[in-house]
Each structure stands twice: as C-alpha cells, then as structure tokens.
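Below is one structure, written out as structure tokens; comments come after it.
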Amino acid sequence: MAVYSAAAAVLAGVESRQGSLKGLVYASNFQNVKQLYALVCETQRYSAVLDAVIANAGLLRAEKKLRPHLAKVLVYDLLLGKGFRGRGGRWKPLLERHQARLKAELARLKVRQGVSRNEDLLEVGSKPGSASQVPRFVRVNILKTCAEDAIDYFKRQGFSYQGRASSLNDIRALKGKCFLLDPLLPELLVFPAQTDLHNHPLYQAGHLILQDKASCLPAMLLAPPPGSHVIDACAAPGNKTSHLAALLKNQGKIFAFDQDAKRLASMATLLARAGVSCCELAEQDFLAVSPSDQRYCQVQYILLDPSCSGSGMPSRQLEEPKSCTPSPERLRALAAFQQRALSHALTFPALRRLVYSTCSVCQEENEDVVRAALQQSPGAFRLAPVLPSWPHRGLSAFPGAEHCLRASPETTLTGGFFIAVLERVEEPR
C-alpha cells in the first residue's frame, strides 16, 4: 500500500514541477527506492494509455475518494504491472470491483489501435529508443578516492576494465560487466546502458556520483582553480556543485542557491556524503542576490544551470513523453526566466568566466537566451571557443554560436544538453 501512495505523490510532484522524477523519488524517504522508481517510471511511460482506460471505464466517477494519480498507479499495476501480489491494502478490493471493466477498456483500446501487445499502445515518443541506450556514466569523486582505486574495486568485483575509450564506437560496443574510462573526462567511468549502481557500496559512500557525461561538462569547462570563489546559481540537486568542489579540492568557496527547500535539503545530504566542505547553501532566488554584496566581491566564476523544459533528458523522454515538445507558452516563460538569470549573472563585478547550461534541446532556451544576453552587454563578454573536436555544435542562430556545445543520445551518446562558455573581454574594474 505504501508504495502506491508514494508513487502517486511523486507523480503529482512531477506534474506540478516540484522537481525531477528521480529527485522526488529520493526525497520521498521510501525505503525501497528502486521499486518506487520503477513503478513511477512505468506508470508515466503508459500515462496516455492509463488516462484513456480510466476515463472510458468511468473509474473516477464511480469512486469519488480515489485521486487521479493514485488511480493511475493502481491501474498500471493491475493491468500492466505485476498485479497487487499481496499489496494494495484497502484499494485492492475497490480495484478488483472494476477489474473486468478496466480490462475490457484496455482490450478495446488495442482493437481500435490495431495492436496486440501493451507496448504497442505507447506513443512513439515514449518507446524505448536511442534515449534508453545512453551508457551509465559514473564520475569518480576525487574528494574521496581516485579513478585508479575505483577501477581496481570494480575489477575485484568481477568487472572487466577495457581501458580508455578511443571512440564512441568503443562505448557503443560495451556490454555485460565491461567498463571503460571516458576519453575526455579523466575521472569518468562508462558502463553499459541500464547498469544499476544505486546500491553499490562506493555510490552509497559518496565515492561515486551517477552523473551523465554531458552534465559533467559545465563544471569541467568552468574550470575554477583551487581557492576560487564560485556561484552555483540554481544548484539543486547538487551533482554539478559536488563536481565544482572536487575541482576546487575543497579549497575556496562555492555559494550555492536554490529556492526549493526540499531540494536544498536533499542536496545538503548529497554534498555531505560526497565530502564537500567548501559550499555555503542558501535557500534564495538567485535573481534576488545582489552583485554588489561584499560576500560575492571575489566571485570570478559562475555556473548557471537554470530551470528548463528538460526536453533533452533521456529519463524524461521515457517518463514524460509530452515534455519532449514543451508548449510555446511554457517555452516563452522558461526562456524569459533564463534570460533574466543569465543577464543578472553577467553583472557580478569580478566575474571572469560563466558557464550557461540546460538539459533542453530547444533553441529558445539555448542559443536564443545566450544571444539576448550578449546583446544586452555588448563588448563585455564573448563566447569562448571550447572543445573544438566536440562533434555537436550550437545551432547557427547568430555569428559565433558554433562555439556553443550541444549533446544528444544520437551524436554524443549522452543526454540532450546545451553549454555556452562566456568570458569577460575586459578585466573587471
């Protein structure tokens, strides 16, 4: 019974944009995280199918006390999952009263769609494809260990280390218990897609961070030297913050801001587990942070990874198919916030280098935002040319946009991502 209530709460949180699905699952405090995550992912994957079946069966009209998100989770498990199998609590007899009607509506849906299997009912955007083949990237947390020791640990566990990858084809060929060292990031290990390391002792001890390669690029490209003062403007859930701390070797200062108290609390736990000691967390809107505040007078590096549509996230492509094509209204609202945040960041007087990144593939949130910010500060900042051998560049939205980086499952074997590195042209006065 508890897993259904927890799953319904996560679904409601995702729908109201309280956080990412994975973040909400971990913040739920449900004991079996893997079970909860799997149930929520599959329920989301079949969301459109479940909505149709529940509506056509009149379930919510007949059962006034049954809330929509809980109904969706229960109907998923009843029709498409493992069945209740000893769980379900007081909802089990209720659902069983409607079981025949629900099954009949699912069968009718298949007939109308001309399919025989449940999976064939999925929308094209939610079917497993290239997004589901993104490898499992694992960043070694150098605050607690080193790549060599992590590699040796995995080898002792029976994994076969294949050395440093020389091409994407090496990574595509990974299977079984083989793993590689990434060719670009020296502390990034690469495992086959679907490798589950959430229960691995090194992950639970904070020695490993499960982080997509594209998500590792912002901190790497910001490259603050030890002793620097850095702002992480929209910091939760904290993986990039922990990466910054590792690059700083815990020497210097990270000012990390986020408005969401729950996400910030989860982030504090993550940073403590990762051994981060140079970070100051603040429950605050970055737009309300004053660049003239003396606390930030030495901030020369800013990482800005603002709220975005998430249209490039492989997990979201599988969990929330509709999020891959955000509405024009949502894109306009997000882009307006992103542009304000980027323009605000560029006003910090000592700023020398800024990385702007999103896990969106939409030009409105990426090249268009960067172009607008540069136009607001003409001559003060420029796009830095980075990673010239990176295969996927920015869209040709304005001169110099080729200096931006893009990523996708198809071109880089990562999640969809965008990165722009801005450098000050003149020294701050």
Side-chain angles (χ1 to χ4, degrees), residues 13 16-20 23-24 27 218-219 222 224 228-245 248 252-271 276 278-310 329-360 364-366 368-377 380-381 418 420-422 424 428-429:
S16 61
R17 303 289 173 184
Q18 294 176 18
S20 69
L24 290 169
L222 189 62
S228 302
H229 284 203
V230 183
I231 282 178
D232 191 348
C234 305
N239 282 341
K240 297 182 187 69
T241 317
S242 70
H243 195 183
L244 288 170
L248 291 172
K253 192 78 170 179
I254 301 172
F255 300 98
F257 301 98
D258 203 274
Q259 292 189 83
D260 190 309
K262 288 185 178 180
R263 281 162 56 87
L264 213 56
S266 297
M267 178 177 170
T269 302
L270 181 152
L271 295 182
V276 174
C278 64
C279 185
E280 180 180 302
L281 297 179
E283 184 185 335
Q284 188 175 358
D285 180 358
F286 173 62
L287 290 172
V289 177
S290 172
S292 61
D293 190 317
Q294 285 303 300
R295 284 178 295 178
Y296 314 121
C297 65
Q298 297 181 59
V299 169
Q300 296 182 323
Y301 300 88
I302 294 180
L303 194 158
L304 175 60
D305 188 82
S307 298
C308 71
S309 64
E329 295 78 12
R330 177 162 168 73
L331 275 180
R332 281 195 294 271
L334 286 166
F337 163 72
Q338 292 154 352
Q339 186 179 329
R340 287 197 306 273
L342 180 52
S343 296
H344 180 65
L346 295 178
T347 63
F348 280 74
L351 180 65
R352 292 174 54 191
R353 188 175 179 90
L354 177 146
V355 169
Y356 173 80
S357 63
T358 75
C359 52
S360 168
E364 294 89 339
E365 300 178 87
N366 298 327
D368 291 355
V369 168
V370 171
R371 173 174 54 187
L374 289 173
Q375 288 175 345
Q376 281 192 355
S377 305
F381 291 88
F418 173 86
V421 182
L422 283 71
R424 188 180 289 275
R429 296 175 182 176

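Reckoned from all heavy atoms, side chains included, excluding hydrogens, waters and symmetry mates. Residue indices begin at 1 and follow the sequence shown.
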Distance, nearest 0.5 Å, that separates [atom1] of [X] from [atom2] of [Y]:
{"X": "Arg424", "Y": "Arg353", "atom1": "CZ", "atom2": "CZ", "answer": "14.0 Å"}
{"X": "Leu303", "Y": "Tyr356", "atom1": "CG", "atom2": "OH", "answer": "12.0 Å"}
{"X": "Met267", "Y": "Asn239", "atom1": "CE", "atom2": "CG", "answer": "9.5 Å"}
{"X": "Cys234", "Y": "Asp260", "atom1": "SG", "atom2": "CG", "answer": "12.0 Å"}
{"X": "Phe381", "Y": "Leu374", "atom1": "CZ", "atom2": "CG", "answer": "9.5 Å"}
{"X": "Lys240", "Y": "Leu304", "atom1": "NZ", "atom2": "CG", "answer": "11.0 Å"}

State, to 0.1 Å, how close [X] and [Y] come at their nearest heavy-atom pair, and which atoms those are.
{"X": "Ala219", "Y": "His243", "result": "CB-ND1, 3.5 Å"}
{"X": "Asp305", "Y": "Ser357", "result": "OD1-OG, 2.5 Å"}
{"X": "Ile254", "Y": "Ala245", "result": "CD1-N, 3.6 Å"}
{"X": "Pro349", "Y": "Pro291", "result": "CD-O, 3.4 Å"}
{"X": "Ala256", "Y": "Ala235", "result": "CB-CB, 3.7 Å"}
{"X": "Arg295", "Y": "Phe255", "result": "O-CZ, 3.4 Å"}

Is the shortest side-chain heavy-atom distance between [X] and [Y] below 4.5 Å?
{"X": "His229", "Y": "Tyr296", "answer": "no"}
{"X": "Cys359", "Y": "Cys308", "answer": "yes"}
{"X": "Phe348", "Y": "Leu354", "answer": "no"}

| Can you name the residues that form a salt bridge (Lys or Arg N to Asp or Glu O under 4.0 Å) with Asp285, not counting sequence neighbours? |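 None.
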| request: Step by step, work out the side chain to side chain contact (heavy atoms under 4.5 Å, CB included) result for Leu281 and Leu271. | output: CA-CA 10 Å; Leu281 297 179; Leu271 295 182; 4.0 Å; yes
| task | Using the side chain to side chain contact (heavy atoms under 4.5 Å, CB included) rule, take Leu351 and Leu422 through it: C-alpha gap first, then chi angles, then the decisive distance, then the call. | result | CA-CA 10 Å; Leu351 180 65; Leu422 283 71; over 6 Å; no
| message | Please determine whether side chain to side chain contact (heavy atoms under 4.5 Å, CB included) holds for the pair Thr241 and Val276, giving the CA-CA distance in whole Å, both sets of side-chain angles, and the decisive distance to 0.1 Å. | response | CA-CA 9 Å; Thr241 317; Val276 174; 5.8 Å; no
| With Pro218, which of Asp232, Val355, Val421, Thr358 fulfils side chain to side chain contact (heavy atoms under 4.5 Å, CB included)? |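 Of all the options given, the one that passes is Val355.
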| message | Check whether Asp258 reaches the backbone of Ala236 with its side chain - one donor and one acceptor, N or O, closer than 3.5 Å. | response |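 Flag set: sc Asp258 to bb Ala236 pair under 3.5 Å.
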| task | Mind checking side-chain hydrogen bond (donor to acceptor under 3.5 Å, both in side chains) for Ser290 and listing every partner two or more places apart, or none if nothing turns up? | result |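 Partners of Ser290 under the side-chain hydrogen bond (donor to acceptor under 3.5 Å, both in side chains) test: Ser292.
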In residues 335-346, what donor-acceptor pairs under 3.5 Å come from side-chain atoms, sequence neighbours left out?
unit_1	atom_1	unit_2	atom_2	d
Gln338	NE2	Ser307	O	2.9
Gln338	NE2	Glu365	OE1	3.0
Ser343	OG	Gln339	O	3.0
Ser343	OG	Gln376	OE1	2.7
His344	NE2	Phe286	O	3.3
His344	NE2	Val289	O	2.8

